[in-house]
Every structure is written in C-alpha cells, then in structure tokens.
A.B. asks: 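This is the structure I have questions about; it appears just below.
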Amino acid sequence: MATTENSEAVTQAAGGDAALQDLRYNPADIEARWAERWAEQPDLYAAEPYPSAKPKYYVLEMLPYPSGQLHMGHVRNYSIGDTLARYMWMQGYNVLHPMGWDAFGLPAENAALKNNTPPRQWTLANIVAMKRQMNRVGFSYDWRNEITTCLPDYYRWNQWFFLRMFERGLAYRKKSKVNWCPLCATVLANEQVVNGCCWRHDEQIVEQRDLEQWFLRITRYAQELLDGLAKLDGWPEKVRTMQRNWIGRSEGAEIDFALADECTVPEDEEKARRSGTAILPARDDVKPSGNKIAVFTTRVDTIYGATSLQLAPEHPLVKQMAAGDPALAESVAALLEQQRKAREAGDVGAIEKHGVFTGYYAINPFNGERLPVWVGNYILLDYGTGAIMSVPAHDDRDYEFAKKYGLEIKVVILPRRGGEAVENGERDSLLPFTDEDSLLINSGEFSGLGCQEAQHKMAAVAQEQGFGKPTVTFRLKDWGISRQRYWGTPIPMLYCEKDGIVPVPDSELPVLLPDNVEITQQGGSPLGRIPAFVNATCPKCGGPARRETDTMDTFVDSSWYFYRYTDARNDKAPFATDTVAYWFPIDQYIGGVEHAILHLIYSRFWTRVMRDLGLIENDEPVRRLFTQGMVIRNGAKMSKSKGNVVSPDEMIARYGADATRMYSLFAAPPDRDLDWQEDGVAGVSRFLGRVYRFAIKHGSSAATSEAGSKSTRAAAPASPSPTTQALLRKLHQTIRKITEDFAGRWHFNTDIAAIMELVNLLTAAEPQIAAGEVPDAVLAEILRTLTLLLAPFAPYLAFELWQHIGQTDNLLRAPWPKFDEALAKEEQIEIPVQINGKLRSVICVDADATEEQIRDAALAEPKIAAAIAEKEVARVILVPRKLVNIVVK
RNA sequence: GCGAAAGUGGCGGAACUGGCAGACGCACCAGACUUAGGAUCUGGCGGGGCAACCCAUGGGGGUUCGAGUCCCCCCUUUCGCACCA
C-alpha cells in the first residue's frame, strides 16, 4: 500500500515534466526491475563447486527461525553478511553464502493451537514469506543449498548422528531431575533456564520433575572445549569468557571424611541448643550405610581449619540420616524448600543461610578431628560432590554460616595485609581471609608451606593414603535433548520388552514425524497419542516394540547445519567429507551475542564428535565470529512486546531496500547497538538519490567516451586541472579507506560516510565539470569506481548505474578497485601550529616539505610571529605531517 | 558482589597508533527555485563573547610540549556471571 502511495506522489510531483521525471530517484521502480531480473537467474549467487581454483571464503549469518516476519535485527545481521559476501566476491574469492531455516520448535505448535493450522503448513508458509522478503532486500544467497531443518532430508541426519553417538556411549538415557516449564509443557535444558525462569517465558518459574531423558555427553569434551577457546583469536573476548565461565573448570581435591562411630556428646548438644538449631538426640543407634562423605574443595590447604561438614539437603546420606528421625527430616525438608525457592527465583546468591546439625560426626583424615555434620541450604547437590568442608576462617560463606550458628573458627592461613603478616589481635578484622598468597599455620607437618604448594602436596598425600585425590570439576553438565513435544526430530529409539532399548537401524531412517497430530496443551509427548507411530517392531526379536515419543531439542538442528550447506542435497551421507574439507572452517560467522553460549558451544561439541567419527578434519567450526549489536528504538530493544517494531517491508516500500540496508550499516558500527531513526533512512535515501542524479546526468557522456579504459592512470591526462586532481585524490583515498576497513575494523558506518564525502565533492565540482575542466574519460572512471564502491552496500542502485554507464560485465564478479597511493597522496597539507599546546594557527605546506621548511613556515606565520615576538622559544616540537608545537617561556 | 563494554553537540555517530574535537548523517534555522513538495539546490548550526579570545568529550586528580585517547579515584548506563565450595 505504501508503495502505491509513494509512486502516486512521484507521478503527481513530476507532473508532465519529463526531465524531472528522469532525474527522480525512484527506488521502488529500480529495485522491482532488478529483483525481477535476478529472480530469473537462480544460479546468480552460486558458489563454484569444489574443487575450485579460487581461494574459498565461507561467510555465514545465523539461520533464522521462520516466524513469518523478517525483523530489523535480521536485516541488520544479513546486511553485514551480504555486504561482506559481495565484497569478497569482488576480491576474487569463491564465496559460499547460504541461508536456511531453523524450522522446528515451539512457536509452530503455539500457532497450531491458536490458528488451528498444522505446524508443518504454518512453518512452510512462513518460509515462503520470509524468503520473499529476503529476496526483496536483495540478499545474495545461494539458494541451491537452502536447508529446512523440519524436512526429513535434513532431520534424518540428526537421527543418524544420534545413533552414532549412541553407539559410542555419547548418547545415553537416565532418569533425572529436569527443568520443566509449565507453559511450554516441556523440559528445558539447563541453558534454557534464565534466573530460574523459562527462557521463553521470563515470568514463568521453572519446576523440577523426574523423567527418563536422553543426554549427550558434552562433558566428555569439557576440557577440550575449554582449551579450544584459547586458540579462537578471531572470536570476541566476551564470548570466549562467557563460554569459559559456562564450562566452569575448577581444580581442587576430593577428600573422604569417615563417619565417626560415636555420635553426639552432651557438650555439642548444648552448642546446638545455643545456636538455635533443632535439638537432636544423641545418635548411636542408626549408622548410615557407607561410612564416608566425599567432599570437593579448591582449597585443600585450609583443611586443618575445617570445623564442620555441610551436605546438600538432597544428599543421599542425608536421606538415610533422616530416615528414622522425623525432626531432622522436617528440618531438611525446610532447607530444601528454601533452596528450591531461591533457585526458582534466581537469587540463590542472596539466600539466607540456614542449616541443621544431623547429630553425626565425621573425622578429618588429616588431623583426626571430629567435625559435626550439618545440612546447609546453600549446598548444591549437582556441583562437586554435593558436600563441602566448612572452613569459616578462610571462606566468606562458611564464615557467615559459622558466625550465625556459633561454630568454631580456626585460622590456618597466615593473614597478611599488603604482604605483611599482621598482629594476632588484628587477625579478626581480616577474617575471613581467603587470599592464596600466604603461608599455612596450625597445619601440622604442612605449616610453613605456601598455599599453592600445600594444595598440591596435601592432595598428593591424600591420594597416597587412599582418602582422596586431586580432581577437576566442571560446571558444564551433559546436554539433555529430550523434549515432550511434537514439532521436532523424532529420537530414533525403540523400547522392546525383551531387548530393552534398541536403536532404529540406519536402513529405517528417517523415522518420519507424522503429520496430522493433534496439538493440545496436555503434558506428555503428543506423539505418544498416535498408535501408528508408537507401535513398531523390534529389529532384534521381531516382537512388538514401543517407539520413543520424545523429540530432540532444536539446538541439535543448529549444531551442525552449516556443514550441510556445503552439500545439502546429499542423500547418502550428511555431507561429503572432501567438500567440507574445502569449505571449512567457516571464515566468518555473524549473529547475535545471545547465542554466545548455547548454540556456539553445542556446535563446537558437535564438530568434535564429527571429527572423532572421521567425517571432518577441523576441530573448530568457526574461525572468526562477529556478534552484531541489537536494534534499539526509543531506548529499548525492538520487540513486539515493547511495541516499538519497525517493519522492514514498510521501510523498503517507503525508502527502498538499498536505503534500508545501507542505513542499518550507516547508523552505528556493526558491533554496537543501533538506534533506529526513520529520518536517518530518509537521509540515506536522499544520498542515494544524489548519486543517482549525478550518475544519470554524467553517465551517458561518460559511457560513450569510456572506450574501454580501466585504469585511472590511463584516464588521467598528463597535466590535470586542479579539480581533476582533487577528485582523483579523493577517489583513491576513498578506495583506500574502504579496502583497509574491510580487512580490519569493519566500521561500515565510516565507509559509507567516506562515499558520501566523495559524492559531496563530486556534486560541488559540478560547475567545473560543466566548464569542461574534467575530461570525460576521468569522469567515466570516477563513475565506474564509485559504482563499484557502492556495490556491496547498495546493490540495486549499483546495478542500475553499472548498466547506465555502459558496463556489460557482471558487477557481482567485477574486480574491486585498487587504490593508487600516488594519486591518493595530498600535495599540500595543513599543519596546525600550537603555542604551549594551544592551537594558534594553521599553516599550509607541501606534503613533502622538510622539517626545516615546516618549522620556518610555522615561525614565520604572522599570528605566530606576533605571539612569540616578546617571548623566548624554549622548544619546538615537530611531528612530521601532523603538527608544530612551539613551547615558549 | 565479581567481570566486561560504554559515557563526546538537540539526536545517531567521527576522531584507528596521544597531535586541528564534533567527519558523515539527522533535526533545526535562513535563503533560492517554486502557484506547495514529505522534492531539489545554497548557506548556517557545541556554549559564551562585538571582537581578539575563552570554555567544552560523565566528575575529580595525575603523566606529557600536548589527553576524548594513557594512569589513579569516583559517578552513571548496558550486558554477562553470581552461595560453583
């Protein structure tokens, strides 16, 4: 509709004035014409197939979820990638620039509920719509390799990979507590829980449920995933840090504390009473089975300072201890509830510490001391061993806890301030003292050792004596991939009464996801309600078997999709190994920082699995990663819920695709957030109009005079006019600036500004051009180069001008212009002259003037001469080509 | 609390290695062409002052001939992480 309005306005405005009509930049018209032409050439942006003599360049933008609507974040993301792809083609690379659809997932089911449309139909219709939008913007995708993850020719390979992982013990099933979102009615991965809430429903608190789940053993690669980060120097440091934290490696020791034979003695009971804990009877009646408590610590050097053990409320031993003890059971239940609530609310860090004494004691294996065993609400079962030794003097949390419950505080690390040991009396003010650059005290034979040294020695001693060992713990958990959802890849597993868990044979892949499944909001897997799907035959015994009815997490789809792009129509294998070897790793991956952890860590894991399967040679999927900023409007991220979205369609209809995408690159450097201002789009559109009018005006005469000359040198006359010189200088400075920027900083905003400066200079030179001061051949060369410079940023206009100036070769593959240092060089430069660091004047000198000449010119400059006449010149600082600073007294 | 990034005109942003602060664009103002146009072109546009000049890059110190840029302290914003033993 907006398009119609626009063209009507143009028609009215133009009136009958043919000349004005010709000079009016009408992007709707130009872009429609080229879009149509490009649509007729499906191979327009096709990469040369492997093997190719050209150097390869694989540029990739993160594939979208087909919601049905391209939003500005997409436009920005893809504009960056598209500009780069077009530039690399012009630099002579064989560029792979594919696109696809991350098409499984919950929104399709939600839409099905809402509109009563089958997920498949909804999704495929959305893909058609978004593909149309992408083509309208003019993105240069090689659609021959398009992938759609919800189609069997893609997801069969998810199943194939799953079976390979199952064979190698990398996929396994276990009953586990899972994060359950009641709104999604499904399990969430740990990574999908944000502050205790669902990542899709940030108000919905995640519940815990016990379910049999399939897991992928990503932890087997934890160390390698961590080590690999060090080598990813083409990745933002921020992303590497986030992954490092996520993997969360900590080195320490596991120490076994034996349970003591006797239990509570009266004085401890008294202590418990004083500290306000539940009073517990002496316990020598029941002894828990198993006689030790394993504890993980990163500070084994402080073990002589341990004054209690703290167990997680869910620790198996606690269950046994509480079994015959209702009072303890009740206290533990309360602690568990506190922890659960805090976890759900996402502020586990702020939980008020509570604990309860169990009545049991454990023996510190280093010194034989009896330590009371407590249960603490701040101890997590799923980290380390679910039990800690509490060292109040040297740990913030233990200190807080010990103060509250009146537990003993034993100092075993020498407190120091600024490297100096402090007086005994001062020690208390330094507690808890957690520094590691000190010495052990009160630690038996280990006293006097440095902390680090003691950590190694004590762990070694524990190992020798058989009550512990040095160990490494990771925060990273195995990846739970089971989803009780319909719209995902069926997990290719069968359950046979006789043979148990049986994998579906390769020959029966894909396990097709049935259509016509009723989507409801009931819990459980929708597939479980389809008898035709569930009932199968066991491949081993031929008897009846039940199919797995859970589907895979959609992050499985995106963990390896970029490999499939290299060989998307392969129906014998996920891809051909030699083709992948040619294209990988991805040279440049571009997307939002919100995928810094989930997608990017899963795909690094998947890459290593495929490598170990012998399918690929690379360890890492992505050489360089670029995370672009968000699109902001009115101070908030553009989103439907904020009501501040701007539709790309509307922008394109009003200002054209070129202006819209160019604005998305012009308004901010690509790694920063972008503030969307519609007036800015209008400004870029105006600029493109100026280019258009200038080129139309001068293009025809340039076209006829051009006579095949392809270099500025050849076109330049022997003694050019000052205008000619100035224009050529600016032209080559602009080429240089943009070329260098593509190789380094990617500040496309300043590249576009540079092109604007060039155009400003050109239009300002109109009178000189009209007076014939610029030879047609030079003008032609300038126009040709300007068009090439615009090609990566504004492809529609570039194609239009390319044709207009009489060029017939393919602009997509036209060589990027080379800059000529000699032509780019300034003849005269302005040099600021300061007195005592304050700007006082500016002098103009030859670019190759000697220091002597510059100094003389500066001192002779009338203003300067007057200012220093009465003073003594102490120093003259001369920075070649930059500035003169005269220091006077 | 820990870590990272950032703070520059009315706005988005330039200034890459310390060297003319505000490129380029928006908005705004004035003018031209025009019987209206959300078009195009020209000029102006950080603040103060008639001026020479002075003051300005979140605030305060420092290093330097010279600081938006380097160092120290503080403030604000955004984003990660957050009892991980």
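Chain letters run A, B, ... following the sequence lines, proteins first and then strands; every chain starts at 1.
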A.B. asks: Please report, rounded to the nearest Å, how far the C1' atom of B/A14 is from the CH2 atom of A/Trp746.
C.D. replies: 21 Å
A.B. asks: For the pair made of NZ in A/Lys863 and P in B/A52, what is the distance, rounded to whole Å?
C.D. replies: 8 Å
A.B. asks: Could you check whether the rings of A/Phe366 and A/Phe467 sit parallel, tilted or perpendicular, using 30° and 60° as the cut-offs?
C.D. replies: perpendicular
A.B. asks: Look at A/Lys838 and B/C55 and indicate whether a side-chain polar atom (N or O) is within less than 4.0 Å of OP1 or OP2.
C.D. replies: yes
A.B. asks: Counting only side-chain N and O atoms of A/Thr473, is one of them less than 4.0 Å from OP1 or OP2 of B/A85?
C.D. replies: no
A.B. asks: Mark yes or no: A/Lys353 above the aromatic ring of A/Phe401, with NZ or CZ under 6.0 Å from the six-membered ring centre and no more than 45 degrees from the axis.
C.D. replies: no
A.B. asks: Please measure how far the P atom in B/A36 lies from the corresponding atom in B/G49, and state the result in whole Å.
C.D. replies: 43 Å
A.B. asks: Using a 4.0 Å heavy-atom cut-off, write out nucleotides 16-26 of chain B from 5' to 3' as B (base contacted by protein), S (sugar-phosphate only) or - (no contact).
C.D. replies: B--BB--BBSS
A.B. asks: Under a 4.5 Å cut-off applied to non-hydrogen side-chain atoms, are A/Ile255 and A/Pro365 in contact?
C.D. replies: yes
A.B. asks: Determine the Euclidean distance between corresponding C1' atoms of B/A32 and B/A39; express it in Å to zero decimal places.
C.D. replies: 14 Å
A.B. asks: Paired with B/A82 by Watson-Crick or G-U wobble geometry, both distances under 3.5 Å: which nucleotide is it?
C.D. replies: none
A.B. asks: Closer than 3.5 angstrom, by distance alone: can the side chain of A/Arg875 be matched with the main-chain N or O of A/Val887 as a donor-acceptor pair?
C.D. replies: no
A.B. asks: Expressed as a whole number of Å, how far does the P atom of B/U57 sit from that of B/G68?
C.D. replies: 7 Å
A.B. asks: Please give, in whole Å, the distance from B/A85 C1' to A/Trp374 CH2?
C.D. replies: 18 Å
A.B. asks: Roughly how far apart, to the nearest Å, are B/C33 and B/A56 at atom P?
C.D. replies: 44 Å
A.B. asks: Would you mind telling me which of B/A85, B/C55, B/G80 lies closest to the side-chain atoms of A/Met242?
C.D. replies: B/G80
A.B. asks: Using distance only, find each side-chain donor-acceptor pair of residues 670-679 of chain A under 3.5 Å and give its atom names and separation, not counting sequence neighbours.
C.D. replies:
from     : atom 1 : to       : atom 2 : distance (Å)
A/Asp673 : OD1    : A/Met630 : N      : 2.8
A/Asp675 : OD2    : A/Gln677 : NE2    : 3.0
A/Glu678 : OE2    : A/Arg654 : NH1    : 2.7
A/Glu678 : OE2    : A/Tyr655 : OH     : 2.9

A.B. asks: Whole-Å distance between B/C65 P and A/Ile868 CD1?
C.D. replies: 19 Å
A.B. asks: Please determine, for B/C24, whether a Watson-Crick or G-U wobble partner exists with both distances under 3.5 Å, and give it or none.
C.D. replies: B/G12
A.B. asks: Which one is paired to B/U57, where only Watson-Crick or G-U wobble pairs with both distances under 3.5 angstrom count?
C.D. replies: none
A.B. asks: A/Pro392 versus A/Thr307: any side-chain heavy-atom pair under 4.5 Å?
C.D. replies: yes
A.B. asks: For atom P, what is the distance between B/C26 and B/U17, given to the nearest Å?
C.D. replies: 29 Å
A.B. asks: Provide, to the nearest angstrom, the distance between the CH2 atom belonging to A/Trp676 and the P atom belonging to B/G13.
C.D. replies: 14 Å
A.B. asks: For B/A85 versus B/G80, give the span between their P atoms, rounded off to a whole number of Å.
C.D. replies: 22 Å
A.B. asks: Measure from CG on A/Leu674 to P on B/A6 and round the result to the nearest Å.
C.D. replies: 17 Å
A.B. asks: Side chain of A/Arg693, heavy atoms from C-beta onward: which of B/C41, B/C65, B/A85 has the nearest atom to it?
C.D. replies: B/C41
A.B. asks: How long is the line joining CD1 of A/Ile755 and P of B/A14, in whole Å?
C.D. replies: 16 Å
A.B. asks: Would you mind checking if A/Lys404 and A/Glu352 are paired as a salt bridge, meaning a charged N to carboxylate O distance below 4.0 Å?
C.D. replies: yes
A.B. asks: Is it the case that A/Glu766 and A/His698 place a side-chain donor and acceptor less than 3.5 Å from each other?
C.D. replies: yes
A.B. asks: Should B/A51 form a Watson-Crick or G-U wobble pair with both distances under 3.5 Å, which nucleotide is its partner?
C.D. replies: none
A.B. asks: Let me know, please, whether A/Arg475 or A/Thr763 comes out on the 5' side of the other along RNA chain B by nearest nucleotide.
C.D. replies: A/Thr763
A.B. asks: Glycosidic conformation of B/G47, syn or anti, with 90° from 0 as the boundary?
C.D. replies: anti
A.B. asks: To the nearest Å, give me how far apart CD1 (A/Ile696) and P (B/U40) are.
C.D. replies: 16 Å
A.B. asks: In terms of ring plane angle, is the pair A/Tyr25 and A/Tyr692 parallel, tilted or perpendicular, where the classes change at 30° and 60°?
C.D. replies: tilted
A.B. asks: Report which part of the nucleic acid A/Asp396 touches: base, sugar-phosphate, or nothing (heavy-atom distance under 4.0 Å, all strands).
C.D. replies: nothing
A.B. asks: Would you kindly compare A/Met630 and A/Phe296 by the position of their nearest RNA chain B nucleotide and give the one closer to the 5′ end?
C.D. replies: A/Met630
A.B. asks: Quote, to the nearest angstrom, the C1' distance that separates B/G10 from B/G46.
C.D. replies: 10 Å
A.B. asks: Can A/Gln455 and A/Glu251 be counted as having a side-chain donor-acceptor contact under 3.5 angstrom?
C.D. replies: no
A.B. asks: Who does B/A5 pair with, Watson-Crick or G-U, both distances under 3.5 Å?
C.D. replies: B/U77
A.B. asks: If pairing requires Watson-Crick or G-U wobble contacts with both distances under 3.5 Å, which nucleotide is the partner of B/G37?
C.D. replies: none
A.B. asks: For A/Arg840, which contact category applies under a 4.0 Å heavy-atom criterion: base, sugar-phosphate, or nothing?
C.D. replies: sugar-phosphate
A.B. asks: With rounding to whole Å, what would you report as the distance between B/C65 and B/C70 at their C1' atoms?
C.D. replies: 16 Å
